[in-house]
Amino acid sequence: MAAQLLCPFTMSFGRLDLNSKSMFCFSTSGPSSTRCQELGLWKSQFAGLKLSISPLPPSFHPTTPVHKIFAKRICPFTGKKANKANKVSFSNHKTKKLQFVNLQYKRVWWEAGKRYLKLRLSTKALKTIEKNGLDVVAKKAGIDLRKE
């Protein structure tokens, strides 16, 4: 059974320089993995382990940050979005903050389509929909309800 530890990093051994686009595979002294290209055996704190190298896949880049995708905090019906404001302490020290819109997920009955729509809208838009109706508010905002 070959236990492997994969870690991309820059490392140099005497005359051998390994760049950041290389991945080291440390495996036990059994049969080596077919995916790793062997460099040889060095005497070190990893006694009994073979040090081998394999190229990284082209999609992997260690400096590329991973970003999660979030929905915008904007109400589609009213256009309300976050307000930039100051947080004022007792000593009158001001720091910047955002006051977000009160967005809620709500199932709203659409009379023309004879079905429910799950919408993410502000509480102000919800009150407007209750007063004027979903079709009128959506038409005024330019939203096509048939797509949802």
Side-chain angles (χ1 to χ4, degrees), residues 1-28 33 35-37 39 42-148:
M1 205 160 106
Q4 293 187 342
L5 172 66
L6 305 176
C7 53
F9 59 98
T10 304
M11 194 171 185
S12 63
F13 291 103
R15 288 182 238 152
L16 180 63
D17 289 327
L18 304 172
N19 61 19
S20 62
K21 291 189 178 181
S22 299
M23 182 177 289
F24 289 91
C25 301
F26 295 104
S27 60
T28 57
S33 174
R35 295 179 4 200
C36 296
Q37 183 181 9
L39 290 178
W42 284 289
K43 299 287 183 185
S44 67
Q45 62 188 15
F46 301 109
L49 299 177
K50 290 183 181 178
L51 181 64
S52 56
I53 186 170
S54 67
L56 289 175
S59 63
F60 178 78
H61 194 273
T63 60
T64 304
V66 178
H67 296 291
K68 294 183 178 179
I69 299 173
F70 295 104
K72 290 183 179 180
R73 292 180 175 146
I74 298 175
C75 177
F77 291 96
T78 59
K80 285 181 171 275
K81 58 183 180 179
N83 181 40
K84 290 182 183 176
N86 284 324
K87 181 179 179 182
V88 182
S89 68
F90 178 74
S91 64
N92 207 25
H93 180 76
K94 296 174 180 71
T95 55
K96 301 287 183 189
K97 73 170 191 173
L98 285 175
Q99 296 171 338
F100 294 113
V101 180
N102 188 5
L103 292 176
Q104 305 292 324
Y105 286 99
K106 184 73 178 167
R107 252 180 23 139
V108 180
W109 177 254
W110 181 31
E111 191 62 40
K114 303 289 186 211
R115 64 184 175 106
Y116 281 100
L117 297 175
K118 187 174 182 183
L119 303 172
R120 187 178 189 212
L121 45 93
S122 65
T123 51
K124 175 72 174 178
L126 187 59
K127 288 173 71 173
T128 308
I129 288 171
E130 287 176 0
K131 181 180 178 182
N132 300 331
L134 182 60
D135 287 326
V136 175
V137 176
K139 185 176 180 182
K140 186 175 179 181
I143 297 173
D144 186 17
L145 296 174
R146 291 174 288 166
K147 289 192 289 187
E148 298 188 33

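Along the sequence shown, residues are numbered consecutively beginning with 1. Keep in mind the model is a prediction, meaning the values are calculated, not measured.
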Peer 1: If we only count heavy atoms from C-beta on, is the C75 to L121 side-chain gap below 4.5 Å?
Peer 2: yes
Peer 1: With a 4.5 Å cut-off on side-chain heavy atoms, are T78 and V101 touching?
Peer 2: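 Result no, sub-4.5 Å side-chain heavy-atom pair not found.
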Peer 1: For A82 and L98, work out which heavy atoms get closest and say how close.
Peer 2: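 It is CB-CD2, 4.2 Å.
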Peer 1: Quick check: do D135 and L145 have side-chain heavy atoms less than 4.5 Å from each other?
Peer 2: yes
Peer 1: Which value, rounded to the nearest 0.5 Å, describes the distance between F90 atom CZ and N92 atom CG?
Peer 2: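 Rounded to the nearest 0.5 Å, the CZ-CG separation comes to 10.0 Å.
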Peer 1: Would you check, one step at a time, whether the test side-chain contact (heavy atoms from CB on, under 4.5 Å) holds for K80 with I74?
Peer 2: CA-CA 6 Å; K80 285 181 171 275; I74 298 175; over 6 Å; no
Peer 1: For the residue pair Q104 and L126, establish whether any side-chain heavy-atom pair is separated by less than 4.5 Å.
Peer 2: no
Peer 1: So how far is it from K97 NZ to T95 OG1, rounded to the nearest 0.5 Å?
Peer 2: 8.5 Å
Peer 1: How close do R146 and W110 get, counting heavy atoms only, and between which atoms?
Peer 2: CG-CH2, 3.8 Å
Peer 1: Report the distance from atom CZ of R115 to atom CZ of R107, rounding to the nearest 0.5 Å.
Peer 2: 12.0 Å
Peer 1: To the nearest 0.5 Å, how far apart are CD1 in I129 and CZ in F77?
Peer 2: 4.5 Å
Peer 1: Would you say the side chain of V88 lies within less than 4.5 Å of the side chain of H93, judging by non-hydrogen atoms?
Peer 2: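 Answer no - side chains too far apart.
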Peer 1: Which residue pairs pass the ring pair (Phe, Tyr, Trp, His ring centres under 6.0 Å) test when at least one of the two sits in residues 119-146, sequence neighbours left out?
Peer 2: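 For residues 119-146, and leaving out neighbouring residues, there are no ring pair (Phe, Tyr, Trp, His ring centres under 6.0 Å) pairs at all.
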